[in-house]
Amino acid sequence: MHSRLFIDGEWIAAANGAMFDVINPANEEVFHQVAAGAASDINAAVKAARRAFDEGPWPRMNGVQRAKILNKIADTIEQQTQQLARLEVLDNGKPLPEAVWDMEDSAGCFRFFAGLAQKSDNEAEEQIALDDPGFKTTVVKEPVGVAAAIIPWNYPLLMAAWKVAPALAAGCCMVLKPSELTPLTALELADICHSAGLPKGVLNVVTGLGPDAGQPLSEHCDIDKIAFTGSVPTGSKVMAAAANNIKNISLELGGKSPFVIFADADIEKAVEWVMFGIFWNQGEVCSATSRVLVERALYEPFLARIAEEAKKITIGNGLDEGVLLGPLVSKGQQEKVLAAIKRGLDDGARILTGGGVPAQHQNGCFVEPTIFTDMNEDSWIWQEEIFGPVVCIKPFDSESEAIKMANNSRFGLAAAVMCADDERAQRVARAFKAGIVWINCSQPTFAEAPWGGYKQSGIGRELGRWGFENYRETKQITTYISEKPWGWYLGR
Ligand code: TXE
């Protein structure tokens, strides 16, 4: 396990020598310490990335050359999947099979963007037609420059991959700041990239606290682009800081995503996907479908069936066989989720199952799978992101009512619909005000498809060719090709 900062190809201590604890949320034990980077370390990292961008080989390589290294990074993540996944479980708490899945997705993400880098060589220049034959314009794509990535703790390596892979594919140089709750796999990624032949200074990783390391990074005037995933309040601070030098920003923030189930849906499939949409990764998922709307005729049978299944989920240490719900990431997150549950009860909602710390897991940051019903549409638990295994379920009577309730949110990250009638599913999918819509499922995510939200869920899109464009500038080169003098001042 690494414990130092990775700057300009070297492992170094924080300038002020400070360290912070890394805690296993399954037992609350401190199992490691890493460097607590601050403003001077951020300055050193940005300087290294700037030098690598202005003078180094990376932005000057073609896409085929960059793809070779990105594919090597993917190979190494695949080879180290088991070790990396175990580290992720220690840091974050998630069940091992989910962590293994994250590692496979991270490798897939590097491979996908390697493919785009390779293709980009042939698409780098485009001639566009103008309505004046005296001119010719070529549009070229270039890397944005020095990018910063500030990432959260719910998918530590995967969230890093979503930003590092497209940025490197585009030819950017970077500073990555992982969450202070889960810093370890980002440091491993630095090692993997270095061993794969990434030139020094291209990827720098600075661990540290949000206000000490994240804030100076988002304010830094030598950063050209900032990509952030996290909470709305922090996203808003990052956006304000980015205004310093008008950085190009992309924000992936919170959500309170609806899942609309019509009465003709298969109840077993509905229960399975609703559970996956909220209990997977302990509900610590920005796109979790945490507001469920069920058509009245199916409502009672659905409640009975989902309560029965939710009680059967095996809770425990993510490293233990058969566990499907691990601890939340930290004591603070556990307290936040328990406070949200109390607030729901205080506001008059009813708990169908769960609602507390599991009796056999008092030690660690566990919360039971919890199902709420009977809440008002304007109540706090129906409207606000809880980021834990807590789902709220309400009935509806018509398609138009369901759409209205689904869209009644300040967020717009994701939405899902399940019904037997495909025409209706397509209609509802188009009526949702959300950037990601699932039909007959919830959560499956693909490196090829755009990811991001409407409204307060963020700005811009990650993944796919849209994510790649985040890290590329568009330049027009216009040539005067006419033989005729311009004739504005001379020859009048
Ligand atoms: O998030 P923060 P936290 C939501 C979720 C959760 C809540 C709080 O509801 O309960 O946010 O989690 C860095 N300038 N999501 O406190 O603060 C920080 O170090 C620059 C949703 O962990 O947003 C970390 O690297 N950076 C989300 C990153 O921001 C700062 C995933 C995210 O932390 C900073 C995680 C500052 N002033 C939480 N302060 C999602 N959309 O998936 C902190 N950071």
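Start at 1 and go down the list; that is how both ligands and their atoms are numbered. The model shown is predicted, which means the values in this text are computed figures rather than measured ones.
Distance check on atom 33 (O) of ligand 1: every protein heavy atom falls at or beyond the 4.0 Å cut-off. The nearest protein heavy atom to atom 16 (O) of ligand 1 is not closer than 4.0 Å.
Contact atoms of ligand 1 toward Gln215: 14 (N), 20 (C), 36 (C), 37 (N) (distance under 4.0 Å to a heavy atom of the residue). Listed by number with element, the atoms of ligand 1 under 4.0 angstrom from any heavy atom of Gly214 are 14 (N), 20 (C), 26 (N). Near Val238, with a cut-off below 4.0 Å to any heavy atom, the atoms of ligand 1 are 20 (C). If you number the atoms of ligand 1 from 1 as listed, the ones under 4.0 Å from a heavy atom of Lys237 come out as 37 (N). Under a 4.0 Å criterion applied to the non-hydrogen atoms of Gln333, ligand 1 contributes the atoms 6 (C), 10 (O). Here is the list of ligand 1 atoms found below 4.0 Å of a heavy atom in Lys336: 5 (C), 6 (C), 7 (C), 9 (O), 10 (O).
The closest donor-acceptor contact from the side chain of Asn92 to the backbone of Thr182 lies at 3.5 Å or more, if one exists at all. A donor-acceptor pair under 3.5 Å is absent between the side-chain atoms of Asp374 and the main chain of Ala349, judged by distance alone. Between the side chain of Thr207 and the backbone N or O of Ala35 there is at least one donor-acceptor pair closer than 3.5 Å. Under the 3.5 Å distance criterion, the side-chain polar atoms of Asn407 are matched with a main-chain donor or acceptor of Lys433. Judged by distance alone, the side chain of Gln334 and the main-chain N or O of Phe366 form a donor-acceptor pair under 3.5 Å. In this structure, the side chain of Glu28 engages the main chain of Gly364 through a donor-acceptor pair within 3.5 Å.
In terms of protein heavy atoms, atom 35 (C) of ligand 1 is closest to Pro152 CB, 3.4 Å. Nearest protein neighbour of atom 30 (C) of ligand 1, counting heavy atoms only, is Thr234 CG2, 3.4 Å. For atom 3 (P) of ligand 1, the closest non-hydrogen atom of the protein is Trp153 NE1, 3.7 Å. Considering only non-hydrogen protein atoms, atom 38 (C) of ligand 1 sits nearest to Phe387 CE2, 3.9 Å. Distance from atom 29 (O) of ligand 1 to its nearest protein heavy atom, with residue and atom name: Phe228 CE1, 3.3 Å. Atom 4 (C) of ligand 1 has Glu385 OE1, 3.5 Å as its closest protein atom, hydrogens excluded (heavy atom only). Among all protein heavy atoms, the one lying closest to atom 43 (C) of ligand 1 is Gly210 CA, 3.4 Å. Summary of contacts: the protein heavy atom closest to atom 41 (N) of ligand 1 is Leu253 O, 2.9 Å.
The neighbour count for Lys455 NZ, taken as heavy atoms of other residues, nucleotides or ligands under 6.0 Å away, is above 12. In this structure, Met19 places its CE atom where more than 12 heavy-atom neighbours from other residues, nucleotides or ligands lie under 6.0 Å away.
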Kindly indicate, with the supporting measurements, whether the criterion side-chain contact (heavy atoms from CB on, under 4.5 Å) is fulfilled by Val417 and Trp438. CA-CA 6 Å; Val417 56; Trp438 287 288; over 6 Å; no

Before you tell me yes or no, could you show the steps for Ile278 and Thr289 under side-chain contact (heavy atoms from CB on, under 4.5 Å), namely the whole-Å CA-CA distance, both residues' side-chain angles and the distance that decides it to 0.1 Å? CA-CA 6 Å; Ile278 187 63; Thr289 34; 5.6 Å; no

Test Leu168 against Leu198 for side-chain contact (heavy atoms from CB on, under 4.5 Å), laying out the working first. CA-CA 9 Å; Leu168 296 185; Leu198 195 70; 4.0 Å; yes

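Where the criterion is an N or O separation shorter than 3.5 Å, residue side chain and backbone included, Gly230 meets it with respect to ligand 1. Where the criterion is an N or O separation shorter than 3.5 Å, residue side chain and backbone included, Ile150 fails it with respect to ligand 1. Looking at Ile151 next to ligand 1, an N or O pair under 3.5 Å apart turns up.
Heavy atoms from both the backbone and the side chain of Glu252 come within less than 4.0 Å of ligand 1. Residue-level proximity to ligand 1 for Pro178 is carried by the backbone, the only part with a heavy atom below 4.0 angstrom. Residue-level proximity to ligand 1 for Leu181 is absent, since no heavy atom of it falls below 4.0 angstrom. At a 4.0 Å heavy-atom cut-off, ligand 1 touches Ser231 through backbone and side chain alike.
Between Lys256 and Glu384 there is no salt bridge, since no side-chain N of the basic residue sits under 4.0 Å from a carboxylate O of the acidic one. The residues Lys163 and Glu462 are annotated as salt-bridged, a charged nitrogen and a carboxylate oxygen being separated by less than 4.0 angstrom. With respect to the salt-bridge test (charged N to carboxylate O, under 4.0 angstrom), the residues Arg50 and Asp224 qualify.
Summarising the contacts of atom 42 (O) of ligand 1 with Ala149, Gly332, Cys286, the nearest heavy atom is found in Cys286. Closest to atom 19 (O) of ligand 1 by heavy atom, among Glu284, Lys256, Glu180, is Glu180.
The closest approach between a heavy atom of Tyr155 and any atom of ligand 1 is not below 4.0 Å.
The aromatic ring centroids of Trp451 and Trp162 lie less than 6.0 Å from each other.
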